[in-house]
Number of protein chains: 4
Amino acid sequence: MNHHSYFHIFLGGEDLVKKDKPKYKQIVDAAVIVIAENGYHQAQVSKIARKAGVADGTIYLYFKNKEDILISVFREKMGVFVENLEKILSQKVTASEKLRLMIENHFDLLAGDLKLSIVTQLELRQSNYEIRMRINDVLKEYLVLLDKILITGMEDNEFDRNMDIRLARQMVFGTIDETITTWVMNDHKYDLVSLAPKVHHLLMKGMRA
Amino acid sequence: MNHHSYFHIFLGGEDLVKKDKPKYKQIVDAAVIVIAENGYHQAQVSKIARKAGVADGTIYLYFKNKEDILISVFREKMGVFVENLEKILSQKVTASEKLRLMIENHFDLLAGDLKLSIVTQLELRQSNYEIRMRINDVLKEYLVLLDKILITGMEDNEFDRNMDIRLARQMVFGTIDETITTWVMNDHKYDLVSLAPKVHHLLMKGMRA
Amino acid sequence: MNHHSYFHIFLGGEDLVKKDKPKYKQIVDAAVIVIAENGYHQAQVSKIARKAGVADGTIYLYFKNKEDILISVFREKMGVFVENLEKILSQKVTASEKLRLMIENHFDLLAGDLKLSIVTQLELRQSNYEIRMRINDVLKEYLVLLDKILITGMEDNEFDRNMDIRLARQMVFGTIDETITTWVMNDHKYDLVSLAPKVHHLLMKGMRA
Amino acid sequence: MNHHSYFHIFLGGEDLVKKDKPKYKQIVDAAVIVIAENGYHQAQVSKIARKAGVADGTIYLYFKNKEDILISVFREKMGVFVENLEKILSQKVTASEKLRLMIENHFDLLAGDLKLSIVTQLELRQSNYEIRMRINDVLKEYLVLLDKILITGMEDNEFDRNMDIRLARQMVFGTIDETITTWVMNDHKYDLVSLAPKVHHLLMKGMRA
DNA sequence: CATGAATGAGAATTCATTCAT
DNA sequence: CATGAATGAATTCTCATTCAT
């Protein structure tokens with residue numbers, strides 16, 4: 001999997017944002033850009049509308065309110081993570097290999113959309129409790145799939161059968177998340193994707209049977 | 001890198017003067033309670049002042065602005081974490097044991113102050129980029145001490161010498177942080193401290209030589 | 001002053017054409033229902049359109065703007081009041097009897113359409129100055145007929161010849177209007193029509209020669 | 001009672017509005033002027049604040065919201081009507097004389113504050129249901145006092161003992177209100193106060209025993 | 001030191017109206 | 001005739017901070 005392909009889809013210029021897409025997607029994509037460039041608290045609806053090339057009022061034909069835009073951003077983008085992870089789960093490979101693919105996919109997608117990485121790791125976390133809870137609901141879907149990998153691995157004796165699933169999940173997701181956040185906070189100045197094998201190795205050591 | 005330099009930044013200058021005054025502490029403590037009870041975005045300066053039993057204007061005799069209150073909250077409370085971790089580091093025990101004590105201390109302190117756990121794990125993360133960056137500076141001091149444990153462990157062949165220190169640190173801190181956040185989000189409904197041995201075991205397996 | 005001039009203003013021109021079409025009436029009737037059920041300020045054009053079973057844009061094929069709908073509602077409904085009052089005036093009965101029939105007719109029509117009573121007594125009065133002035137123009141036609149009853153009565157020595165016509169008209173209309181508004185505000189919970197004789201008696205005592 | 005004295009109190013120039021009054025009253029008085037001059041729907045909070053000589057935010061130290069300003073306007077101004085009517089009721093005169101004084105007082109107060117007359121008779125009636133209901137509560141106090149006059153008159157055999165109190169009240173208030181509204185709608189172009197004796201005479205004829 | 005009344009900048013959202021189809 | 005997606009202007013209220021007392 002080559003993360004550069006994602007790069008082109010996400011960052012293919014503003015023109016792409018405005019053309020041949022339903023307005024809904026136009027607005028979601030505009031929101032990512034505006035939030036990344038201006039910060040969560042400076043991402044006014046009017047700015048998002050302008051970037052999306054629609055009138056302010058048009059936003060409200062597609063979203064209930066500003067909150068709804070933000071949650072939709074997360075849901076839409078996270079959707080790709082989930083879809084990819086489902087494909088990975090359906091492959092006939094070891095649990096360890098699935099974990100490796102998962103980490104790689106996660107890193108790939110965010111390294112391929114730097115603005116999205118800023119939005120998910122930093123900006124969206126400034127949202128209020130309500131929004132964060134709903135974002136968490138979306139995240140749960142992803143974590144359920146991670147749990148499936150862990151369970152499969154334990155059943156196949158690849159992972160320690162005595163492992164506490166919840167803690168293992170928190171270690172895996174916490175490590176991935178912390179790694180990405182640190183990378184974003186360091187202005188993406190080193191290559192994230194190349195860290196994937198090491199992260200995988202570290203996590204595998206911790207979980208191996 | 002010498003963590004004492006950070007220490008002096010924290011406690012140096014006028015802050016030290018103010019800390020000896022009861023009102024400074026009154027206000028910081030009031031802030032924790034108000035933020036925990038009302039949420040970050042509903043924690044107005046006037047509410048904090050009322051809870052602290054002072055006038056709104058008085059706040060500004062002790063803090064430069066609201067941001068300063070929030071950072072001070074983190075600094076003050078994190079200070080105990082750092083002090084304890086320094087004591088742990090000075091003990092004559094293995095690196096693994098130090099790691100265990102660190103995790104236990106971290107869990108202990110937050111399990112002993114539920115409001116603080118809400119503030120550090122959920123509410124303070126809603127602050128803006130500027131504040132979060134400054135909170136991170138405070139956090140760095142803590143992470144520097146964690147790095148010392150890791151380095152000691154690698155030097156003593158307790159931990160894998162080929163380990164990437166940064167990744168290991170991210171795994172350790174990410175796992176601890178994720179574990180606590182999950183616990184807070186689940187309304188503290190299970191015992192956090194009793195998870196410490198399992199978390200330690202998991203992390204040790206990942207880092208062991 | 002000839003009230004027929006008002007009549008022609010109402011029914012002249014394109015309005016007459018439109019009134020023959022079912023949609024015009026559909027929309028006016030929908031407006032009454034929507035305003036009564038939602039209140040003046042919650043009676044959006046889109047709601048009226050939906051209730052009338054037409055598209056928003058269609059409204060503007062039959063009405064110049066929203067104001068025009070509201071004025072038309074009053075005009076259309078008031079038209080029946082005026083028509084009935086004209087029939088009453090043409091009867092060969094005393095002025096006192098005409099007054100009685102007028103009050104009865106007024107009460108009858110509104111008691112027979114509770115939604116309309118809400119719209120005319122409460123909701124339409126929330127409209128802005130411009131609309132209320134134009135509604136008043138419609139009302140003038142009705143008041144001109146009332147004046148005719150008063151003048152006839154004075155000429156026939158049924159009513160006090162020294163009476164100030166304007167004040168008498170204000171007493172008659174003010175009393176009728178206040179009586180109805182009080183009834184509407186009391187949720188139509190008593191019988192309005194049965195109050196007619198008493199209102200008539202009261203007013204007659206005041207005006208009798 | 002000389003209505004000119006009221007005139008000076010009410011229209012004593014803008015300076016009076018801004019000086020030596022608590023901010024609450026400043027704002028209420030400014031609201032009357034702004035609503036009368038701009039119309040209900042063009043009376044923005046910022047305009048009221050500017051006219052009152054305070055900052056927008058200051059408004060909210062004295063009023064819960066804009067609605068609260070409007071209701072306060074009515075309550076404050078209506079308060080004078082009620083107070084005067086209470087004084088009238090305490091006088092040792094006939095019920096008929098009390099009614100005369102009431103009408104005179106009502107006309108006097110509004111003729112002495114033309115802007116207030118516009119606000120109460122036209123503009124405030126454009127407010128929404130909620131506000132109008134609360135305005136009605138204030139009005140009820142006034143109507144209760146009117147009822148007292150009517151009851152006294154009936155007990156003393158000045159008024160018809162068989163009269164329906166509610167209808168009589170509606171006739172009296174309806175006539176007064178309609179008379180004033182007509183006067184306001186005619187741009188105050190004739191003298192309202194001089195109509196008082198005729199109105200009194202008309203109403204008395206209707207209610208006399 | 002302490003007070004707290006006053007400040008004023010800043011943004012989400014609604015809805016009447018248009019016009020390309 | 002009819003549609004309905006798109007428009008965009010317009011306004012209340014909050015709250016961190018100040019400063020006269």
Side-chain angles (χ1 to χ4, degrees), chain A residues 22-24 26-27 38 41-50 52-70, chain B residues 18 21-24 26-27 41-50 52-70, chain C residues 18 21-24 27 41-50 52-70, chain D residues 22-24 26-27 41-50 52-70:
Chain A
K23 290 248 159 71
Y24 175 85
Q26 262 179 56
I27 294 166
N38 300 274
H41 291 289
Q42 280 307 304
Q44 291 90 348
V45 171
S46 59
K47 263 187 200 151
I48 295 173
R50 201 179 319 128
V54 300
D56 292 18
T58 304
I59 297 271
Y60 293 87
L61 296 177
Y62 295 90
F63 301 88
K64 219 174 85 238
N65 47 36
K66 188 179 177 181
E67 230 175 65
D68 193 27
I69 306 175
L70 303 174
Chain B
K18 287 175 186 166
K21 305 258 177 184
K23 284 205 178 152
Y24 175 88
Q26 262 174 52
I27 294 167
H41 291 289
Q42 281 307 304
Q44 292 88 351
V45 171
S46 59
K47 259 187 202 152
I48 295 173
R50 202 179 320 128
V54 299
D56 292 18
T58 306
I59 296 271
Y60 291 86
L61 298 174
Y62 295 89
F63 300 89
K64 217 173 87 239
N65 48 34
K66 189 180 179 181
E67 237 176 61
D68 193 26
I69 307 174
L70 303 174
Chain C
K18 287 175 185 165
K21 304 260 177 183
K23 284 206 178 151
Y24 175 87
I27 293 167
H41 291 289
Q42 281 307 304
Q44 291 89 350
V45 171
S46 60
K47 260 187 202 151
I48 295 173
R50 201 179 319 128
V54 300
D56 292 18
T58 305
I59 297 271
Y60 292 86
L61 298 175
Y62 295 90
F63 299 89
K64 217 174 87 237
N65 49 33
K66 189 180 179 181
E67 238 176 60
D68 193 26
I69 306 175
L70 303 174
Chain D
K23 291 249 159 71
Y24 175 85
Q26 263 178 55
I27 295 167
H41 291 290
Q42 280 307 304
Q44 292 89 347
V45 171
S46 60
K47 263 187 200 149
I48 296 173
R50 201 178 320 128
V54 300
D56 291 19
T58 304
I59 298 270
Y60 293 88
L61 295 177
Y62 295 90
F63 301 89
K64 220 175 84 236
N65 49 34
K66 188 179 177 181
E67 230 175 67
D68 192 27
I69 306 175
L70 304 174

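Because only heavy atoms are used, hydrogens play no part in the values below, and waters and symmetry mates are left out as well, while side chains stay in. By convention in this document, chain letters (A, B, ...) are assigned in the order of the sequence lines, proteins followed by strands, and residues within each chain are numbered from 1.
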*Mapping His41(B) and His41(D) onto DNA chain F by nearest heavy atom, which one lands closer to the 5' end?*
His41(D)
_Does any part of the side chain of Asn65(D), heavy atoms only, come nearer than 4.5 Å to the side chain of Asp68(D), both counted from C-beta?_
yes
*Measure the spacing between CZ of Arg50(A) and CD of Gln44(A) and express it to the nearest 0.5 Å.*
8.5 Å
*Would you say a side-chain N or O of Thr58(B) is under 4.0 Å from OP1 or OP2 of dT3(E)?*
yes
*Looking for any heavy atom pair under 4.0 Å, which part of the strands does Val45(A) touch: base, sugar-phosphate only, or nothing?*
base
*Mate of dA20(F) where both pairing distances stay under 3.5 Å, Watson-Crick or G-U*: dT3(E)
*Nearest-Å distance for atom pair CG/P, residues Asp68(B) and dA16(F)*: 14 Å
*With both distances under 3.5 Å as the test, what is the Watson-Crick or G-U wobble partner of dG8(F)?*
dC15(E)
*asked:* Expressed as a whole number of angstroms, how long is the span from Tyr24(B):OH to dA2(E):P?
replied: 15 Å
*According to a strict under-4.0 Å criterion, is Lys23(B) in side-chain N/O contact with OP1 or OP2 of dA2(E)?*
yes
*Does the Lys66(A) side chain pair with the main chain of Val45(A), one donor and one acceptor, at a distance under 3.5 Å?*
no
_For DNA chain E, the residues among residues 60-67 of chain A that have a non-hydrogen atom under 4.0 Å from it_ = Tyr60(A), Asn65(A), Lys66(A)
*asked:* Working to the nearest 0.5 angstrom, can you tell me the gap between Gln26(A) CD and Ile59(A) CD1?
replied: 10.0 Å
*How long is the span from the CD1 atom in Ile27(C) to the CD1 atom in Ile69(C), to the nearest 0.5 Å?*
7.0 Å
*Grab the CD1-C1' distance between Ile59(B) and dT3(E) for me, whole Å please.*
12 Å
*Identify, between Ala43(D) and Asp56(B), the residue whose nearest nucleotide on DNA chain F lies closer to the 5' end.*
Ala43(D)
*Measure from CZ on Arg50(D) to C1' on dT7(E) and round the result to the nearest Å.*
16 Å
*May I have the distance from Gln42(D) (atom CD) to dA9(F) (atom P), rounded to whole angstrom?*
16 Å
*Picking from dG4(E), dT3(F), dC13(F), which would you name as closest to the side chain of Val54(C)?*
dT3(F)
*asked:* I need the minimum non-hydrogen distance between Lys47(C) and Gln42(C), along with the two atoms involved.
replied: NZ-O, 2.8 Å
_Counting only side-chain heavy atoms from C-beta out, which of dA12(E), dG4(F), dA16(E) sits nearest to Gln44(C)?_
dA16(E)
*Distance, rounded to the nearest Å, where Lys47(C) contributes NZ and dG4(F) contributes P*: 19 Å
